[in-house]
Amino acid sequence: MHFDDDRSKATLDLLADFGKANQVLLFTHHRSIRALAAPLASAGLANIVDLERGG
């Protein structure tokens with residue numbers, strides 16, 4: 001699916017909330033999604049594994 005940044009952020013927030021009780025794996029090649037997820041990772045709500053950079 002193709003989302004604009006606002007919809008992508010809202011989806012990441014929803015997945016982070018869902019991830020409090022479930023394991024969520026999101027694979028993407030979009031650097032913009034990684035950038036949008038960075039604040040969630042900083043808040044301890046997500047982990048980012050960059051396979052291109054080895055973790």
Using the test side-chain contact (heavy atoms from CB on, under 4.5 Å), find all partners of Ser32 that sit at least two apart in sequence or belong to another chain. His30
The side chain to side chain donor-acceptor pair (under 3.5 Å) partners of Asp4 (sequence neighbours excluded) come to Arg7
Identify, with sequence neighbours excluded, every residue that meets salt bridge (Lys or Arg N to Asp or Glu O under 4.0 Å) alongside Asp6. none
Taking all non-hydrogen atoms of both residues, which atom of Ile48 and which atom of Ala41 are closest, and how far apart? CD1-CB, 4.0 Å
Tell me, please, which residues at least two apart from Asp17 pass salt bridge (Lys or Arg N to Asp or Glu O under 4.0 Å). Lys20
Taking atom CZ of Phe3 and atom CD1 of Ile33, what is their separation to the nearest 0.5 Å? 9.0 Å
Nearest heavy-atom pair of Ser8 and Leu36: which atoms, and what distance? CB-CD1, 3.7 Å
Using the test side-chain contact (heavy atoms from CB on, under 4.5 Å), find all partners of Ala46 that sit at least two apart in sequence or belong to another chain. Leu40
Listing request: all salt bridge (Lys or Arg N to Asp or Glu O under 4.0 Å) pairs with a residue in residues 26-39, at least two apart in sequence or in separate chains. Arg31-Glu52, Arg34-Asp50
Quick one: which of Leu15, Leu12, Leu14 gives a side-chain contact (heavy atoms from CB on, under 4.5 Å) with Val24? Leu15
Pair Lys9 + Asp13, salt bridge at N-O below 4.0 Å: yes
